[in-house]
Amino acid sequence: MWRTGGGLGGALPAVLNRLRTLAEPLTRPAARPSSAPADLTTPAAGRAGAERELPAGLLESHPAVRALDCLLNHAASRAPRDGQMPGDILNLTAGILAARGGDEAVAAVLGTHLPVLHRRATAFTAAHHADLYALAPGRPSPAAAWLHGRRGPGPDPLLLAALDRRQLLAALREEPDGTIAFRVVYALLTGHDGLLGHPADAWRELAAGPGGAEAASGFLEYLALVTSMRPTARTAVDTERVWWTAALEADLPPGALAGAGGFAHCALPDGLWLPLARRSAAHTPAQKDAGRVAERAAAHPGSPDAVHLAAHLLTRPAPEGAYDDGDVRRHARALLRAAEALPAPARPAGTAQLRRALIEAGEVDLARAPSTAG
C-alpha cells in the first residue's frame, strides 16, 4: 500500500514525511561509541534518531534503515521510466550514501534497490557512480551487497557490466563458486561475452596472486555446473568451449584446471569434450569428479584422447582423506580391456601407456597378465 500510496487517501504526504524524518539521521556520520550501548531496533530508538546521531552497526531492522527501504520502494513505484523518481527522495539518498554508504545495513538496502536505480535514475547513479558501484575488499558498498545478495531482481547482466572489470575479477577471486559466480556465468551464457574482457586475459588475472589457482579452478567448475543445468535463458551457443579453451591457453598455474572435470556432466559432443578434457588432465591430473571423467572416457576405446585422458587421471597425487580413486582405476581398466581388444589398425595410440599407468597406480596384476591385444 505505501509503495504506491493506494488506499492511503490523503494520508500519503504525512506518511512520506514520517519516513523522511526517520531516515534523515542517516545523512549524518555515525556517532562515536558511548559507554552505554543503545538499543538499535526499538521504535523508541527510531524516535530518538531524529534528535541525535545514530551509532554505527545498525541492523536492517532499525526504523531509519527500514524507512529508507520504504522510501526507495515508493520512489520506484512512481518511476516507470528513467528520470521520474522523486527528487527529494534521491537527494535524501545521496546524503545517506555520502554519510553512511559504507555501513553494512545501509549498503544492503541500497544494494537491493541498485538495479532499479541503475535503470530509472541514471543521472543519479552517474553522479554517485564511485560510491554506488565500488567493490573494495572488506568494505560494504551497494554494489557489493547486490553482488552477494539474493533479494531483488535476477542476475541483471547490464548492471554487472557497469562494475569495474578488475574489481569484479577481484571479487570473483574471493568467491569463485557462489552468488557472484552465478551472476557472471549467467551474463556470459546470455550473450554478454565481453563482461570480463578477453577470456584468456581474464583467466590470468583471476589466477594471479595467492589462492589464484583454486579460484580459477572453482570458477571453471562453476561454469561447468551452470552449463550442465541448461538454463532456459541461455542465448550464447559456445560459451563453455570458448572459456574452457581460453583457460587451457592462458598458461595457468598448476591445479588451476581441476574444475574442468565438471564438464564431464555437460552435454558437450564427445568430439569436443575429449580433447579438451585430455589437455586439462595433462595440465592438472587431479581433476574434480575424476571418476565421472574416467567413466565417460571409457565409452570411447578407439579414441587416443580417451586413453591418454585416463592415463593422465591415474597420475593424480596420492588420495587424501576419504578420497578413493577406485572408480578411476575401474573405468581405466575397462577402457584398457576394450582398447586392447580392438584390431591392431583400430587400436589407439597410448594403449601401452595406459597399461603402464594402471600398473604404477597399483593395478600390479596387469604386470603379470599378458596384453589382450591381438
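Of the possible donor and acceptor atoms, none in the side chain of His74 sits under 3.5 Å from a partner among the backbone N and O of Cys70. Using a distance-only test at 3.5 Å, with no hydrogens or angles considered, a donor-acceptor pair links the side chain of Thr245 to the main chain of Arg241. Looking only at distances, a side-chain donor or acceptor of Asp156 sits under 3.5 Å from a matching main-chain atom of Leu159. When atom types are taken as modelled, the side chain of Arg28 and the backbone of Ala99 share no donor-acceptor pair closer than 3.5 angstrom. For Arg120 (side chain) and Ala76 (main-chain N/O), a donor-acceptor pair under 3.5 Å exists by modelled atom type. Side-chain atoms of Asp131 never come within 3.5 Å of backbone atoms of Leu97 as a donor-acceptor pair (strictly under, hydrogens ignored).
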Open item on the list: Walk me through whether Arg330 and Asp327 qualify under salt bridge (Lys or Arg N to Asp or Glu O under 4.0 Å).
Closed with: CA-CA 5 Å; Arg330 176 167 56 85; Asp327 284 345; 3.0 Å; yes

Open item on the list: side chain to side chain contact (heavy atoms under 4.5 Å, CB included) for Leu358 and Arg333? Distances and angles first, verdict last.
Closed with: CA-CA 7 Å; Leu358 275 162; Arg333 283 189 72 125; 3.9 Å; yes

TODO: Given side chain to side chain contact (heavy atoms under 4.5 Å, CB included), test Leu309 with Gln287 step by step and report yes or no.
DONE: CA-CA 11 Å; Leu309 169 56; Gln287 290 286 290; 5.8 Å; no

Open item on the list: Apply salt bridge (Lys or Arg N to Asp or Glu O under 4.0 Å) to residues Arg347 and Glu340 and explain how you reach the verdict.
Closed with: CA-CA 7 Å; Arg347 195 174 306 134; Glu340 290 184 336; over 6 Å; no

TODO: Would you check, one step at a time, whether the test side chain to side chain contact (heavy atoms under 4.5 Å, CB included) holds for Arg20 with Asp88?
DONE: CA-CA 9 Å; Arg20 293 189 196 95; Asp88 60 330; 2.6 Å; yes

Task: Arg165 and Glu205: CA distance, side-chain angles, deciding distance, salt bridge (Lys or Arg N to Asp or Glu O under 4.0 Å) verdict - done: CA-CA 10 Å; Arg165 187 184 70 86; Glu205 289 187 52; 2.8 Å; yes

TODO: Test side chain to side chain donor-acceptor pair (under 3.5 Å) on Asp69 and His113 and set out the steps.
DONE: CA-CA 8 Å; Asp69 190 26; His113 295 278; 2.6 Å; yes

- [ ] Show your working on side chain to side chain donor-acceptor pair (under 3.5 Å) between His192 and Tyr186 and close with a plain yes or no.
- [x] CA-CA 9 Å; His192 301 267; Tyr186 181 93; over 6 Å; no

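Crowding of Arg204 atom CZ: a count of heavy atoms from other residues, nucleotides or ligands under 6.0 Å exceeding 12. Within 6.0 Å of CG on Asp251 lie no more than 12 heavy atoms contributed by other residues, nucleotides or ligands.
No side-chain heavy atom of Asp193 sits less than 4.5 Å from a side-chain heavy atom of Pro199. Using a 4.5 Å heavy-atom threshold, the side chains of Arg296 and Leu274 count as separate. Residues Tyr133 and His118 form a side-chain contact, since some pair of their non-hydrogen atoms from C-beta on lies under 4.5 Å apart. Between Phe263 and Leu223, some side-chain heavy-atom pair lies under the 4.5 Å cut-off. Within the 4.5 Å cutoff, no side-chain heavy atoms of Thr239 are placed close to those of Val185. With contacts defined as side-chain heavy-atom distances shorter than 4.5 Å, the pair Leu54/His62 qualifies. Considering only heavy atoms from C-beta on, Leu16 comes within 4.5 Å of Leu71 through its side chain. The shortest side-chain heavy-atom distance between Leu257 and Ser217 does not fall under the 4.5 Å cut-off.
One finds the OG atom of Ser141 at 11.5 Å from the CH2 atom of Trp146 (value rounded to the nearest 0.5 Å). Atom CG in Leu160 sits 7.5 Å away from atom CG in Leu196 (nearest 0.5 Å). For the atom pair CD of Glu249 and CG of Leu252, the computed distance is 10.5 Å after rounding to the nearest 0.5 Å. One finds the CG atom of Leu22 at 11.0 Å from the CG atom of Asn17 (value rounded to the nearest 0.5 Å). Of the inter-residue distances, the one linking Gln353 atom CD with Leu336 atom CG reads 11.0 Å to the nearest 0.5 angstrom. The OG1 atom of Thr232 sits 12.0 Å away from the CZ atom of Arg234 when rounded to the nearest 0.5 Å.
A donor-acceptor contact closer than 3.5 angstrom links the side chains of Ser280 and Trp244. Asp305 and His300 share no donor-acceptor pair across their side chains, judged by distance under 3.5 Å alone. His148 and Glu175 are linked by a side-chain donor-acceptor pair at a separation below 3.5 angstrom, with hydrogens and angles left out of the test.
The nearest pair of heavy atoms linking Leu147 to Thr179 is O-CG2, 3.1 Å. The minimum heavy-atom distance linking Phe219 with Trp203 is given by the pair CD2-CH2, 3.6 Å.
Residues Leu158 and Leu114 are members of separate hydrophobic clusters, defined by side-chain heavy-atom contacts under 4.5 angstrom among Ile, Leu, Val, Met, Phe, Trp and Tyr.
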